[in-house]
Amino acid sequence: MDPVLTVEDLSVRIAGLHILQGVSFTVAPTGVTVLLGRNGVGKTTTLRAIVGLTPRNGEASGSIRMAGGDLLGRPTHRLVRGGLGYVPEDRDVFAGLTVAENLRLAERRGSVPAYDKVFALFPELDRRGRQRAGSLSGGQQQMLAIGRVLLNDNRLLLVDEPTKGLAPKVVTEVAEVLERVAESVPVLLVEQNLAVVRRLARDAVVLAAGRVAWAGSATELLAEAELTRSLLGVGSGDHHGTPATAGPRKDES
């Protein structure tokens, strides 16, 4: 099957710094593709470039194609309306608005919002509809950030470090939700927790110094402890990032 997303020779400069230096990879039309790498190698910059959020003092070149069209240079709101969902690293919920108001703002014109699906995945969002988002726990805010995107139909989800800073129990809950979501829509995931990666990801792309250093099967990567350590600075059995509590992938159990 053809990839849902193709990135070719993507370069991004921000304030004179060459952050991405010719990054190329594809995202499969099903399952989870994980984008890995040490801190500062350009993972978040890659996601932001895909969704059109290169800052004003930056410039991007290359090609980013989805559904036969080039995304580079198109405004973010058009990309989102075209089915590109984005969950940012810092969640970016509207702290002064209620949970219900945050969700309403995410509704896309011309489509029926899938509140039933969102509340089935995150019942707590339904119960806390009148609560201000700024008073939610970090885990609840992450659920809200994911729920906003899942209100609408998507061709591809970009999810940036969804388990960062969360308690182990919440890490497991988020991993379970993403596993269910990936059954119906492909996901490009940035994640530091290797137990979560092992559970969710089929394909892996590793960035180093602004370039692709490795690409292939996530299972094969994590099976090679020396390779994982050389690329990521941790062994495949280490808990990199949030303490890992997610279970094994289905095909490994």
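- Contact of the V190 side chain with the V34 side chain is not registered, since no non-hydrogen atoms from C-beta on lie closer than 4.5 Å.
- R130 and T98 make their closest contact through O-CG2, 3.5 Å (heavy atoms, listed as atom of the first residue, atom of the second, distance).
- For S137, the side chain to side chain donor-acceptor pair (under 3.5 Å) partners two or more places apart in sequence, or in a different chain, are Q140.
- Looking at every heavy atom in both residues, I50 comes nearest to L5 through CD1-CD2, 3.8 Å.
- A heavy-atom distance below 4.5 Å is not found between the side chains of Y86 and L157.
- Listed here is the closest heavy atom pair of V174 and Q142: CG2-CG, 4.4 Å.
- Remark: L136 CG to R91 CZ distance equals 10.5 Å, nearest 0.5 Å.
- Within the 3.5 Å criterion, the main-chain N or O of G52 finds a donor-acceptor partner in the side chain of T76.
- A donor and an acceptor atom, one from each side chain of D160 and T44, are located under 3.5 Å apart.
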Can L36 and L207 be said to form a side-chain contact (heavy atoms from CB on, under 4.5 Å), step by step?
-> CA-CA 6 Å; L36 298 168; L207 297 185; over 6 Å; no
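- Between V32 and A182 the shortest heavy-atom distance is CG2-CB, 3.6 Å.
- Side-chain contact annotation: S61 with R13, donor-acceptor N/O pair under 3.5 Å absent.
- Between G37 and Q192 the shortest heavy-atom distance is O-OE1, 3.9 Å.
- In this structure, the side chain of D70 does not engage the main chain of S63 through any donor-acceptor pair within 3.5 Å.
- One finds a salt bridge joining R65 and E8 here, because a Lys/Arg side-chain nitrogen approaches an Asp/Glu carboxylate oxygen to under 4.0 Å.
- Each side-chain hydrogen bond (donor to acceptor under 3.5 Å, both in side chains) pair with one or both residues in residues 106-117, not counting sequence neighbours, appears once here: E107-Y115, R108-N154.
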